[in-house]
Amino acid sequence: MARLVIVSNRVPPPRRTGAAHAGGLAVALQSFVEPGTLWFGWSGRVVEHPCGTPRISESDDVTYATIDLGPVDYDRFYVGFANSSLWPLLHFRLGLMRYRREDFEGYLVVNGNFADALMPMLRPDDMVWVHDYHLIPLAIALRERGFTGRIGFFLHIPFVPASVLEALPPARELLCALCAYDVVGFQTRTHLQDFLGCAGRFTGFTVEGDEVVTNGRRVRAIADPIGIDAVGFQRVATRSAGTAYIQRLRDSLRGRALAISAERLDYSKGLPNRFEGFARLLARFPQQQQRISMLQIAARSREDVAEYQVLRRELDRLAGDINGRFSQFDWVPLRYMTQTVPRTKLAGLFRIARIGLVTPLRDGMNLVAKEFVAAQDPADPGVLILSRFAGAAEELTDALLVNPYDPDEIAEAMNVALDMSLEERHERHMALRRAVFEVTAARYCNVFVEALKAA
Ligand code: GDG
């Protein structure tokens with residue numbers, strides 16, 4: 001059987017270390033990787049003189065191979081092109097996009113370095129599965145170095161229409177790089193169709209159905225929504241809800257409903273509007289004051305990118321403002337933490353929450369929404385409030401769907417959720433649960449690997 005080689009920018013710490021990480025890709029894949037898999041990527045370290053030879057470690061028969069980045073590579077590839085050009089662009093935030101030619105060159109250089117380091121480890125019949133926007137040019141780089149096996153790519157974040165992509169100077173190069181893969185996967189049909197539209201417009205290749213026909217080759221595009229290990233998460237949540245940690249939270253709530261949000265501290269996640277939505281709930285529906293406490297966990301992320309520092313300051317200010325305006329001496333409405341919470345505790349927090357507030361301005365999928373659903377107690381489930389612009393909204397249609405740009409709509413949905421009857425909560429939850437337990441992480445991986453095998 002062909003060996004699977006996963007390549008992603010960040011490689012999670014081997015499972016046995018139990019370290020917490022707040023990134024969707026690692027969480028989804030790590031629950032699935034099979035023995036024998038090789039997982040290759042960046043170590044997360046920046047060193048003055050990186051050595052090109054990967055550092056190898058093994059855990060549960062999975063081999064992890066990582067390389068370091070030099071400071072210039074880190075600035076141009078990671079902070080620059082990946083996170084200051086592609087990330088905002090592919091989240092429809094043209095105003096935040098910063099493009100410099102040297103950053104794009106650095107992006108190509110690092111992809112070349114990845115290929116140099118990976119190539120000696122590859123066997124001819126390996127299937128290489130590349131993840132996310134950091135590594136779009138990797139297939140070309142591997143082909144240039146002589147790899148002839150199958151290579152697939154999955155984009156975890158949204159894809160944009162041609163009228164947005166055209167703002168990126170190397171739009172054509174990126175599309176040609178995507179067309180060097182055998183299979184290209186997206187979270188939703190909408191992203192897939194935007195990709196096909198862009199491929200037709202920018203590359204000169206022909207689009208036939210869901211395939212792009214390049215010089216004699218066919219690239220198959222698929223929509224393959226990512227999911228979670230729903231059974232596993234439910235189990236962890238149930239167990240965690242009975243621990244002393246969660247009991248401490250319950251005690252501190254004094255019977256009030258908990259609204260919970262958890263994500264990386266990222267401008268795509270819509271936190272300022274959500275905070276304002278919460279403030280409007282308290283102002284417009286004063287009967288809900290004292291009945292609710294909101295807990296926002298926002299794990300710090302990409303702190304070297306200027307926009308993230310700006311966002312953090314804005315949230316500090318908003319949180320202070322809300323608590324200043326609405327707190328009573330025995331009630332603080334908003335609890336805001338920027339530390340990472342261990343995964344088991346997070347699952348328990350989701351389980352006891354009455355409201356899961358997931359309102360990104362754009363999101364490829366959003367696993368938190370699915371985790372919140374899986375964690376609920378079916379006998380007394382909480383209500384999911386979900387952004388229409390998360391990929392997850394295409395599947396989780398029984399959530400209270402909101403436009404995350406409108407704080408009043410968020411406030412109104414919270415008000416509805418707080419007063420929702422058990423019967424309605426139950427009905428909505430059963431439908432959401434079916435979706436989350438059907439489209440799991442295992443299914444996501446199988447669908448992609450089968451498409452790659454067939455390529
Ligand atoms: C990208 C795409 C797509 C969050 N805070 C903590 C914590 N988390 C965990 C969550 C969840 C994961 O991190 C975040 O996944 P998301 O999917 O919500 O978001 P991104 O990190 O932006 O992921 C996204 C995903 O890739 C997969 O394809 O869905 O659209 O942007 O599992 O629970 N985990 C812990 N502590 C925290 O404080 N332990």
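Note that ligands are numbered from 1 as they come in the structure, with each ligand's atoms numbered from 1 the same way.
Under 4.0 angstrom from ligand 1, the non-hydrogen atoms of Asn366 come from both its backbone and its side chain. At a 4.0 Å heavy-atom cut-off, ligand 1 touches Trp87 through the side chain alone. Neither the backbone nor the side chain of Asp266 has any atom closer than 4.0 Å to an atom of ligand 1 (non-hydrogen atoms only). Contact annotation for Ile226 and ligand 1: only side-chain heavy atoms (C-beta onward) come within less than 4.0 Å of the ligand.
Every atom of ligand 1 is numbered from 1 in the order shown, and the set under 4.0 Å from a heavy atom of Gln187 is 3 (C), 28 (O). For ligand 1, the atoms lying closer than 4.0 Å to a non-hydrogen atom of Val368 are 10 (C), 18 (O). Here is the list of ligand 1 atoms found below 4.0 Å of a heavy atom in Leu346: 6 (C), 7 (C), 33 (O), 34 (N), 35 (C). In summary, the atoms of ligand 1 found under 4.0 Å from a heavy atom of Thr340, numbered by their order in the structure, are 35 (C), 36 (N), 37 (C), 38 (O). Every atom of ligand 1 with a heavy atom of Arg343 under 4.0 Å away is listed here by number and element: 32 (O), 33 (O), 39 (N). Here is the list of ligand 1 atoms found below 4.0 Å of a heavy atom in Ile297: 38 (O). For ligand 1 and Asp363, the ligand atoms under 4.0 Å from any heavy atom of the residue are 2 (C), 24 (C), 30 (O), 31 (O).
Inter-residue side-chain proximity for Val110 and Phe81 is flagged as unmet; no heavy-atom pair is nearer than 4.5 Å. A 4.5 Å side-chain heavy-atom check between Asp132 and Asn9 finds every atom pair outside the cut-off. Looking at heavy atoms from C-beta onward, Val184 lies out of side-chain contact with Phe159 at the 4.5 angstrom threshold. Looking only at side-chain heavy atoms (C-beta outward), Ser293 and Val332 stay at 4.5 Å or farther from each other.
With ring centers used as reference points, Phe92 lies 6.0 Å or more from Phe389.
Checked against a 3.5 angstrom limit, the closest N/O atoms of Glu371 and ligand 1 fall inside it. In terms of N/O distances under 3.5 Å, ligand 1 is approached by Gly364. Polar contact check, Val341 against ligand 1: a nitrogen or oxygen pair lies under 3.5 Å apart. In terms of polar-atom proximity, Leu367 is counted as a contact of ligand 1, with an N or O under 3.5 Å from an N or O of the ligand.
Ring geometry, His134 versus Phe77: the interplanar angle falls from 30° to 60°, so the pair is classed tilted.
A donor atom on one side chain and an acceptor atom on the other are found under 3.5 Å apart for Asp304 and Tyr74. Side-chain polar atoms of Ser268 and Arg362 form no donor-acceptor pair below 3.5 angstrom. A donor-acceptor contact under 3.5 angstrom links the side chains of Gln234 and Arg433, judged on distance only.
Distances from atom 20 (P) of ligand 1 to the heavy atoms of Met365, Arg300, Lys269 show the closest one on Lys269.
Each of Phe114, Tyr64, Trp129 was scored for a ring pair (Phe, Tyr, Trp, His ring centres under 6.0 Å) with Phe40, with one residue passing: Phe114.
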